[in-house]
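Input: a single structure, listed below in structure tokens.
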Protein chains: 2
Amino acid sequence: MTQNQAKKISKSDRTRAHILEAARLLFAERGYDGASIRDVAAHASIDPAMVIRYFRSKDELFARAAIVDLHLPELRMIDRAAIGETLIRRFLEIWEGPASGPGMTILLRSAMSNDYAAEKLREVFASQVRPVVAAVGDPADAGRRAGLVSSQLLGLAMCRYLLRLPPVVALSHDEIIRNVGPALQRYVTEEDLS
Amino acid sequence: MTQNQAKKISKSDRTRAHILEAARLLFAERGYDGASIRDVAAHASIDPAMVIRYFRSKDELFARAAIVDLHLPELRMIDRAAIGETLIRRFLEIWEGPASGPGMTILLRSAMSNDYAAEKLREVFASQVRPVVAAVGDPADAGRRAGLVSSQLLGLAMCRYLLRLPPVVALSHDEIIRNVGPALQRYVTEEDLS
DNA sequence: GTCTATAATTCGATAGAC
DNA sequence: GTCTATCGAATTATAGAC
């Protein structure tokens with residue numbers, strides 16, 4: 001490994017980052033099939049051959065664009081009665097907050113018709129969602145509870161951000177918190193539902 | 001209109017129905033982009049040109065394949081406290097019952113990356129889901145309540161039938177009814193959530 | 001009514017000049 | 001490092017023989 005590769009931010013790195021940014025935008029807007037390498041190149045103001053040169057294939061480009069870290073909070077540290085509200089507030093930050101990226105949009109839009117995206121989304125569930133829920137209850141129940149939470153939150157994301165169902169788009173943040181928060185609270189903490 | 005067209009079930013009609021059945025199966029499994037006219041023709045054991053001859057275009061074929069009637073029950077006729085359970089039971093019939101078709105799978109799988117499918121799904125919501133909810137409460141709230149119900153049910157369908165999230169797939173019908181039913185009940189009948 | 005042949009695009013990916 | 005040119009495959013859709 002040369003000093004250049006280790007220390008400097010080369011023009012290559014900037015070009016690569018530029019391509020990746022364009023890819024994330026287009027994969028989020030149109031999904032895997034709908035976003036062609038030619039489209040990505042045009043958005044990055046570069047030749048299509050360069051996209052392949054930097055990422056080898058469309059599949060590898062998508063894999064790089066579809067990396068997601070939800071940064072879910074440790075639920076053990078908060079009041080047990082506030083878990084539902086905590087989760088739905090974090091949901092709104094992930095999808096609409098100032099630091100929100102297109103990661104989940106990319107995964108969710110493509111997961112319905114692309115096996116790799118579906119597998120990546122299942123991995124996000126298994127490695128990031130389920131453990132957080134498992135930490136605040138019987139681990140034997142964690143999968144079911146985390147699955148129910150995910151069904152509600154992925155459904156809300158789908159209806160509000162992808163399908164754009166008018167009444168769901170119209171919901172204010174406060175309405176979402178007051179309506180969906182208690183449903184999540186119940187899925188995570190209710191005792192007699194197994 | 002000749003007598004043939006009006007009365008007889010011609011070979012044309014059977015071929016047409018055969019093509020449509022193959023199309024519904026493949027659109028449900030792979031989505032709009034993933035199911036080619038050639039695939040549909042192969043599944044129907046017929047020439048690709050025949051598919052175009054009978055349906056003019058892939059778009060028209062998809063439009064025919066994506067017709068959905070949920071047959072939702074009249075909620076006014078049942079006990080108000082049983083609305084949530086009634087809805088989730090109907091949900092399971094639509095997706096897994098003996099008379100269930102691939103209609104909703106076709107729409108849901110393609111709606112994330114196909115504008116026509118998304119619009120059709122919004123139409124199903126506006127014409128079939130929202131009116132049913134509006135009949136059992138303040139019509140001014142109907143959109144929001146129906147939207148919340150749809151976010152939960154479409155999310156559950158997505159996780160269980162398309163994404164196949166293992167813990168959600170593993171849920172028994174009874175578990176789904178006991179877990180999700182009350183959440184729907186609350187979305188439809190709770191008073192102070194506007 | 002069915003099929004062959006093919007037109008017209010679009011796609012991902014490669015080779016090679018500069 | 002960047003671009004031109006192009007390959008090979010796949011797609012929707014059409015024209016026309018039989």
Side-chain angles (χ1 to χ4, degrees), chain A residues 2-5 8-27 29-66 106 109-110 113-117, chain B residues 2-5 8-27 29-66 106 109-110 113-117:
Chain A
T2 70
Q3 286 188 351
N4 271 349
Q5 285 171 327
K8 285 174 59 177
I9 297 174
S10 66
K11 186 175 181 184
S12 293
D13 292 332
R14 274 186 282 116
T15 302
R16 187 182 172 86
H18 197 195
I19 294 171
L20 187 58
E21 188 183 13
R24 283 169 65 85
L25 178 70
L26 289 178
F27 281 138
E29 282 183 355
R30 311 180 195 173
Y32 180 88
D33 285 325
S36 70
I37 286 182
R38 284 169 167 79
D39 293 333
V40 171
H43 255 71
S45 301
I46 210 172
D47 192 89
M50 296 302 297
V51 178
I52 295 293
R53 179 173 175 82
Y54 275 93
F55 292 91
R56 292 178 41 104
S57 72
K58 184 178 180 179
D59 285 349
E60 241 176 79
L61 176 61
F62 184 82
R64 293 286 183 172
I106 293 169
R109 197 184 290 281
S110 295
S113 52
N114 181 281
D115 287 340
Y116 177 83
Chain B
T2 70
Q3 288 190 352
N4 270 349
Q5 286 170 328
K8 285 174 60 175
I9 298 176
S10 65
K11 186 175 182 184
S12 295
D13 292 333
R14 274 185 284 115
T15 302
R16 186 181 173 87
H18 198 195
I19 294 171
L20 187 58
E21 187 182 14
R24 284 170 64 85
L25 178 70
L26 289 178
F27 281 138
E29 283 184 353
R30 310 179 194 174
Y32 180 87
D33 286 325
S36 71
I37 288 184
R38 284 170 165 77
D39 293 334
V40 171
H43 255 73
S45 302
I46 209 172
D47 191 89
M50 296 303 297
V51 178
I52 296 293
R53 177 172 176 85
Y54 276 93
F55 291 92
R56 292 179 41 102
S57 72
K58 184 178 179 178
D59 286 349
E60 240 176 82
L61 176 62
F62 184 82
R64 292 288 182 172
I106 293 169
R109 196 183 291 279
S110 295
S113 52
N114 181 280
D115 287 340
Y116 177 84

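Residue numbers begin at 1 in each chain, while the letters A, B, ... track the order of the sequences.
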Nearest-neighbour nucleotide for the [X] side chain, [options] considered:
{"X": "B:D47", "options": "C:dA13, D:dA13, C:dC3", "answer": "C:dC3"}
{"X": "A:K58", "options": "C:dG12, C:dT14, D:dA13", "answer": "C:dG12"}
{"X": "A:M50", "options": "D:dA13, D:dC3, C:dC3", "answer": "D:dC3"}
{"X": "B:R53", "options": "C:dT2, D:dT2, D:dA13", "answer": "C:dT2"}

What integer distance in Å separates [X]:[atom1] from [N]:[atom2]?
{"X": "B:I46", "N": "C:dT4", "atom1": "CD1", "atom2": "P", "result": "12 Å"}
{"X": "A:F27", "N": "C:dG12", "atom1": "CZ", "atom2": "P", "result": "9 Å"}
{"X": "B:L26", "N": "D:dT11", "atom1": "CG", "atom2": "C1'", "result": "16 Å"}
{"X": "B:I52", "N": "C:dA8", "atom1": "CD1", "atom2": "P", "result": "17 Å"}
{"X": "A:R38", "N": "D:dA5", "atom1": "CZ", "atom2": "P", "result": "14 Å"}
{"X": "B:I19", "N": "C:dT2", "atom1": "CD1", "atom2": "P", "result": "8 Å"}
{"X": "A:I37", "N": "D:dA10", "atom1": "CD1", "atom2": "P", "result": "17 Å"}
{"X": "A:R30", "N": "C:dT10", "atom1": "CZ", "atom2": "C1'", "result": "14 Å"}

> Which class fits the ring pair A:F27 and A:Y32: parallel under 30°, tilted 30 to 60°, perpendicular over 60°?
Replying inline: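 Parallel.
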
> Considering residues, nucleotides and ligands other than A:R16, do more than 12 of their heavy atoms fall under 6.0 Å from its CZ?
Replying inline: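 Yes, CZ of A:R16 has more than 12 neighbouring heavy atoms, counting only those of other groups under 6.0 Å.
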
>> Within the supplied structure, the quantity of interest is the number of heavy atoms (other residues, nucleotides, ligands) at a distance under 6.0 Å from B:E21 CD; does it exceed 12?
In response: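 Count not over threshold, so no.
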
>> Under 4.0 Å, counting only non-hydrogen atoms across every strand here, what does B:Y54 touch: a base, just sugar-phosphate, or nothing?
In response: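 Contact class for B:Y54: sugar-phosphate only.
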
> Considering only heavy atoms from C-beta outward, does the side chain of B:L20 approach that of B:L61 to under 4.5 Å?
Replying inline: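 Sidechains of B:L61 and B:L20: in contact.
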
>> Does any part of the side chain of B:F62, heavy atoms only, come nearer than 4.5 Å to the side chain of B:I106, both counted from C-beta?
In response: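 Yes, at least one pair of side-chain atoms sits under 4.5 Å.
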
> Nearest nucleotide by nearest heavy atom, which residue falls closer to the 5' end of DNA chain C, A:R56 or A:D39?
Replying inline: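 Per heavy-atom nearest nucleotide, the more 5' residue is A:D39.
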
>> Side-chain N or O of B:S12 versus OP1/OP2 of C:dG1: is the shortest distance under 4.0 Å?
In response: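 The answer is yes; a side-chain N or O of B:S12 sits under 4.0 Å from OP1 or OP2.
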
